[in-house]
Number of protein chains: 2
Amino acid sequence: MTTWEPVRRVRAFEAVLDRIESRIAAGTLKAGDRLPGERQLAEALGVSRASVREALRVLEARGVLVSQTGSGPDAGAILAADPDTALSDVLRLHVGLDSLSLDEVIGARLMIERWSAAEAARAAGPEALSRMRAALTAMDDDGLTPAEFVEHDTAFHVAVTEAAGNRLIAHMMRALRASVRHYAVRAVTDLGPWPAAAQGLRADHEAIYRAIAEGDPEAAATAAESHLRRVYPTTPPPPPS
Amino acid sequence: MTTWEPVRRVRAFEAVLDRIESRIAAGTLKAGDRLPGERQLAEALGVSRASVREALRVLEARGVLVSQTGSGPDAGAILAADPDTALSDVLRLHVGLDSLSLDEVIGARLMIERWSAAEAARAAGPEALSRMRAALTAMDDDGLTPAEFVEHDTAFHVAVTEAAGNRLIAHMMRALRASVRHYAVRAVTDLGPWPAAAQGLRADHEAIYRAIAEGDPEAAATAAESHLRRVYPTTPPPPPS
DNA sequence: TCCATGTCTGTGGTCAGACCACAGTACGGT
DNA sequence: ACCGTACTGTGGTCTGACCACAGACATGGA
């Protein structure tokens with residue numbers, strides 16, 4: 001007797017997912033396109049509307065879909081392209097589950113920020129530099145709360161990463177910052193009395209900016225690293241040299 | 001008259017998501033725990049079972065939940081900790097949507113593989129080295145198809161990244177490889193006649209392994225980079241020096 | 001006593017149908 | 001020409017039902 005091939009149980013929403021993802025992979029569906037209505041899709045695929053909706057929720061969680069109520073051209077399910085929130089949600093949850101430690105997130109940031117600063121020093125144009133400068137200027141206000149300061153700090157570092165010219169790495173950077181934003185504010189307040197403690201951070205940023213503007217990759221990477229180590233003195237596990 | 005703050009429309013499944021994620025963040029729920037049944041959860045939260053299910057689908061997409069039918073201790077919704085498939089699904093879809101280019105994925109791999117090789121050279125112990133060696137040995141078989149070869153190739157590179165000691169970066173690495181696995185096989189077959197073309201790859205891997213085993217971070221990083229550039233000669237945009 | 005068999009029970013998976021809130025659009029009256 | 005209202009199609013939600021599955025348990029025969 002031959003062995004029986006067990007039937008592969010595929011849930012209905014997974015089948016729906018397959019059909020939609022196939023069209024995305026094939027290029028039939030691209031960002032900005034509208035999906036058919038839920039009722040229409042359900043009938044076309046031979047499943048219930050509930051199963052279609054579960055598939056849409058998954059696509060939404062992956063950052064490739066947004067749904068809007070109402071009528072008109074903007075209503076319905078529209079293909080999007082926003083990996084940031086999807087990635088940061090995944091990371092944030094797994095940090096909460098201790099599947100990832102804060103140290104590891106900081107370690108990943110260390111890798112990305114070193115790389116970004118070095119690449120930015122090679123590639124940054126005047127437009128990218130002015131965006132960094134804008135974030136630096138916003139951080140000069142002594143009236144900022146730590147939380148507000150961190151927002152501008154993130155804007156600066158994201159601008160650096162974007163200047164490096166790799167959108168995927170920029171997405172990772174934004175996701176990493178967003179997933180540990182809560183801890184970042186805490187780390188900053190732990191630095192010492194506020195707003196005096198901000199001075200050291202401003203000097204760090206200025207050093208990074210200068211190295212990038214002067215096109216010195218090595219100095220930029222070193223400045224980025226020492227900045228991160230100042231904010232998270234205890235955490236990063238592997239000494240760099 | 002004051003401006004009216006518009007009521008923030010929160011969909012029912014998002015409210016469910018909030019409650020569950022709060023417990024994860026607070027540590028009340030940890031990996032391995034079981035969620036109440038869908039019916040029970042629906043009644044406790046005052047929403048329909050369909051809304052609960054949509055929330056569970058999202059958590060499943062984020063890699064923090066698995067659902068199983070049947071009864072007994074293993075049935076039901078169980079908290080998991082698998083970021084890999086979640087991350088790679090996100091990346092794969094966005095590559096398909098042209099939100100990310102293949103070049104950018106390769107660029108990110110370049111960054112991670114350089115870093116991993118260098119860190120592995122500092123940190124790899126005998127157990128990690130033997131796992132790399134096992135993958136190398138598996139690649140020595142001339143009867144392998146390109147697809148099989150790539151599987152072992154991935155195992156080697158993942159072993160290197162894991163030896164570097166940062167699980168988050170290892171997750172990223174696995175996700176990146178998985179999301180472009182299809183292209184990797186193609187790139188390998190484009191190298192030239194098979195299995196002759198495998199020889200060059202074996203030599204590359206051997207060089208990486210040797211540098212790691214000898215504890216030479218610089219050589220390891222350089223070897224990893226030149227290996228990736230051999231497989232993807234046209235793609236990487238920013239010249240490294 | 002032991003083991004095979006069938007039944008019970010609680011789990012997720014699926015479906016059909018109904019109603020609501022919302023936002024454009026078309027039509028009608030002014 | 002203008003404005004307001006009804007219409008229509010969208011996602012959002014709920015109810016209640018049924019199915020498939022797998023462990024736990026009772027039952028019965030060897």
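These numbers come from the heavy atoms of this one structure, side chains and all, not from hydrogens, waters or symmetry mates. Quick note on labels: first sequence line is chain A, next is B, and so on, each numbered from 1. Only a predicted model underlies this, so the values are computations on that prediction, with no experimental measurement involved.
Using a 4.0 Å cut-off between charged nitrogen and carboxylate oxygen, B:Lys30 and A:Asp98 do not count as a salt-bridge pair. For A:Arg57 and A:Glu54, the salt-bridge test fails: no basic side-chain N is under 4.0 Å from an acidic carboxylate O.
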- Query: Reading nucleotides 4-17 of chain C from the 5' end, what letters show protein touch, with B for base, S for backbone sugar-phosphate only, - for no heavy atom under 4.0 Å?
  - Reply: ------BBBBBB--
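The aromatic rings of B:His205 and B:His157 lie perpendicular to each other, with more than 60° between the two planes, well past the 30° mark.
Residue B:Leu29 comes nearest to A:Leu97 through the heavy atom pair O-CD2, 4.0 Å, listed as atom of the first residue, atom of the second, then distance.
Under the 4.5 Å side-chain criterion, counting only non-hydrogen atoms from C-beta, A:Met173 is in contact with A:Arg177.
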